[in-house]
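For reference, the structure is listed below as C-alpha cells.
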Amino acid sequence: MNTTTHYPAAPAAQSIEAHTLSVIVDNEPGVLARVIGLFSGRGYNIDSLTVSETEHQKHLSRITIVTRGTPMVIEQIKNQLERLVPIHRVVDMTVAGRSIERELAMVKVAADAQKRPEVQKVADALGARMIDESAGGVIFEITGGSDKIEQFIGQMLPLGLIEVSRTGIVAIARGAEGM
Amino acid sequence: MTTTNKTGAGAPGREMTGAEMVIEALTDQGVQHIFGYPGGAVLPIYDAMFQHPLCKSDKLRHVLVRHEQGAVHAAEGYARSTGKVGCVLVTSGPGATNAVTGLTDALCDSIPIVVITGQVPTHLIGNDAFQECDTVGITRPCTKHNYLVKRIEDLSRVLHEAFHIASSGRPGPVVVDIPKDIQFAKGIYSKPEKQFQHQGYKPRLDGDPNKIKQAVEMMAQAKRPLFYTGGGVINSGPHASALLRELVKTTGFPITSTLMGLGAYQASDPQWLGMLGMHGTWEANWAMHDCDLMICVGARFDDRITGRLDAFAPGSKKIHIDIDPSSINKNVKVDVPIIGDCGRVLEDMLKLWRANKAQPDKHALADWWKQIGKWRARKSLSYKNSNSVIKPQYAIQRLFEATKGRDTYITTEVGQHQMWAAQFYGFEEPNRWMTSGGLGTMGYGLPASVGVQLAHPESLVIDIAGEASVLMTMQEISTAVQYRLPVKIFIINNQYMGMVRQWQELLHGGRYAESYTESLPDFVKLAEAYHAVGIRCEKPGDLDGAIKEMIDVKRPVIFDCVVDQKENCFPMIPSGRAHNEMILGDSGESVDDAITEEGKVMV
C-alpha cells in the first residue's frame, strides 16, 4: 500500500479474456464516436470492431466488438455500453456461448504462373476462393473463424504475401431467436 | 526495462520517478515558468518541484494562479509575447475541465502551450474515481494533440514530443495526462533529441518554388494589390515580421491585417491601412473589396474578415500563404496556395522579387493609392468627443499617447473595448498584442497580462478590459499581487456588456436583455481588497493625469475608466453584408435598414 496516495490500490491481477459483444444501435450521426469514445475514455481495449446498418427501415445498425479484459471489466463494458442513449441492446456472445463468429479477409499474393499452382493448393485446402487474377498477383477471399484466417495468412507469408484486408469479426447466436 | 525509445539521445539516461522526469523534461525544454494549481493527482509532481534543485535555484518557477482557466490564459500571454511554449500544470478532474476554455482559446489562435494534467492511477481509469474525468476524451477536440501516458517508459518521449508538436508547424495546445502511479513509477529519463523526427507528423515549412514564382509574377503585374496578413506572421517569429515589412516596402503595396496579426507591420507607416473585417477601417475593407490581387499571409479567411462570402473581393486573384494545408480553400477558393512557414515563404518571395528585378506597375499603383487616399479621407474611426463624459475611443487614444515610445505590451478582454483597442492603439512591433481572437474568450486579458508581465518584468503591461469581461477572471489580480507583477487593468467601464448591448440595439430593437450589470463592484475598493491600487476616472479632463498616475505606480492597478454607456463600435460590417456595405457612426443609414432578416440569424 502506497501511503503517499489517497487512491485505492490496484486490484490483484486477474485473467484477461476476449469477449465478443453484439450491439444494436440507432444508426444516427455520432453513435460510433460515442461507442469508441467510451472505450478510449475508460481505457478499454478494442481488438476488432465492425459496423453496418442491418435494418434499413428502422435505421438500426449492428456493431460487433471484440474486446479484452477481466470478467469484471467485460461486465463493466457491457453495462457502460447499455447506458448510452442510442444503444438498444448489448449481448455478450461469448457468455451466451452458442454463437458463431466469422470474419472475411481478402489476401493479395504475388504469384507468377510458376508459383500459382502451389498457392492455389494451399488456398483450396482452406477453402479460399480466388477473386482476382492479375499479372504477377492474385487476390483470395477467405471466410471463417479468425484462427483459420490467421493460418491462411501464415501460409501465404512465405509464398509472397503482399497485403491483407480484414473485416473483423461478425457474430450471431444460434437458435431460432433474434437479438 | 526497454529504453530504446525514439528520443534516446545515445547516452543512457538516469533513473528517476515520473514526477522528476516532468521537472527534468520541462527544464530541458527551456521552460522557466509554469503556471499551475495543485491537487491530489499532481501532488507527486509538486513534491518533486519542492525538492528539485532546479526549482530551488529558481531555474524553473511555479506561478500559483487562482483558477486553472487563468493558468492557461497566463501561459498563452507568456507564449504570445515571447514566442516560447507556455506551460501549465493542473490536477485531474475539475483541474482539467477548468483548463478546457483556455485550451480551446489556444487552439483557435494557434498558441503553443503544453498543459500537463494529473490523472487518477491507471488501474482506476474509467472507474469514475474521485476527481476523475476523461481528460483526453474531453480535450481531444480542443487540442492540437493529446496524450494519456500509461507507461513510465513512454513519459520522457511524450513530454519532449508534446513540446515539439505544440511549437512546430501551426502551433497549438498539447495536453499530457499523467496518471498518479506513473508519477511515482521509476524509469530511465531520456533527454530530448536535437533533431526531432516524428513518424507521421512532419509539417511542411518551405513553399513550393513554382508557386512562389507564380505569385511573384502576379505581384509584378497587379494593378490594385493588397497584403492581407494575420497571426501566422506573428507565430512565424519576429524575422517573419521583418521580412514582411521589407517586402511591403520593396513592392510599395498597401497592407492590412486581421486582429491577430496586429503589430507585424508598424501602424505608424503610411502603407498601413488599419485592421480589416467586421470592425475594420473603411479604407482596409474597401481595398479588400476592390483589389485585383490579394496576398494573404498567415491569415485564414475567417468569417469576421470576409463578411458575405459571395461578395468577398469579387474581382481579385488570391495568393494564400499558410502552414496549415487545411486552411487552404476552406472558406475562400484561392488561385495560388503556398503551403509553408510565412517567414520562409516571404524570404523566398523577397529573394525572387529582387532577383527578377521585378517592378510593380507604378502607374496603376499610383492610381490605387489615390483611390485609397479617398477612402482614408472618410476618416472612418472618427467619433464625436465630449467634454463631460469620457468617450471610450478617447480613453484608448489617450492611453496610447501616454504609452507611446515606452516598452509596452497590451492584452485585452473581449468586446467593444477590444475592437476599440485594435482600432486606436497603434502597434509598432509584433508580440506586443495579446487578445482572444478566434474563440473570443471574455476573461482572457487579465490572466494573459500576468503571463506577459512575468516574461517581461521591466515592461509596461496593460490589460485593456471591459468591466463585464474582467469580472470573469478577476481573481487573478490576486496572482499578480502575490508575484509583484505590476499589471495595469484599464477597465473601459460602461456598465454594459457593450458588444452585446450594441447588437441588441442593432438587431433586437433595443431590448437590452440581461446586458446591463445592475450591481457592479466598486473597482477601487475591489483593488484595495486585493492589495492592489485602485484608480477611478470619470471626467475627460482628469484622464491624462489619472493614466500617468497608473503608469507611475509600480504595483498592480485596477483603473476604473467610467465611459459613455451608449457608444457603439464603428465602422461595422453588419452580418450578411459585404466589405463595401459598412455602416459608420455618422452615416445617415438607420441600423434597421442596414441589417437584413437573413443577416439577423448570423452571429
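Just the heavy atoms: all of them, side chains too, but no hydrogens, waters or symmetry mates, feed the values below. Below, read A as the first sequence line, B as the second, and so on, with proteins coming before strands; counting in each chain starts at 1.
In terms of heavy-atom pairs under 4.5 angstrom with chain A, the leader among B:Thr135, B:Val136, B:Leu124 is B:Leu124.
Applying the 6.0 Å contact sphere to CD of A:Glu75 captures no more than 12 heavy atoms from other residues, nucleotides or ligands. The neighbour count for B:Lys202 NZ, taken as heavy atoms of other residues, nucleotides or ligands under 6.0 Å away, is above 12. Heavy-atom contacts from other residues, nucleotides or ligands closer than 6.0 Å to OH of B:Tyr37 number 12 or fewer. In the displayed structure, A:Met179 atom CE is contacted under 6.0 Å by more than 12 heavy atoms of other residues, nucleotides or ligands. A 6.0 Å sphere centred on CZ of A:Arg34 holds no more than 12 heavy atoms belonging to other residues, nucleotides or ligands. In the displayed structure, B:Tyr201 atom OH is contacted under 6.0 Å by more than 12 heavy atoms of other residues, nucleotides or ligands.
Here CG of B:Asp128 is found 6.5 Å from CD of A:Gln80. Values are rounded to the nearest 0.5 Å. We find the OH-CD distance between A:Tyr7 and B:Glu132 to be 9.0 Å, quoted to the nearest 0.5 Å. In this structure, OG in A:Ser40 is found 6.0 Å from CG in B:Asp134, a value given to the nearest 0.5 Å. A:Gln76 contributes atom CD, which lies 6.5 Å from atom CG of B:Asn127 (distance to the nearest 0.5 angstrom).
Residue contact with chain A, scored on non-hydrogen atoms closer than 4.5 Å, involves the backbone and the side chain of B:Ile125 alike. Interface remark: B:Val120 contributes backbone and side-chain atoms alike to the contact with chain A (heavy atom separation under 4.5 Å).
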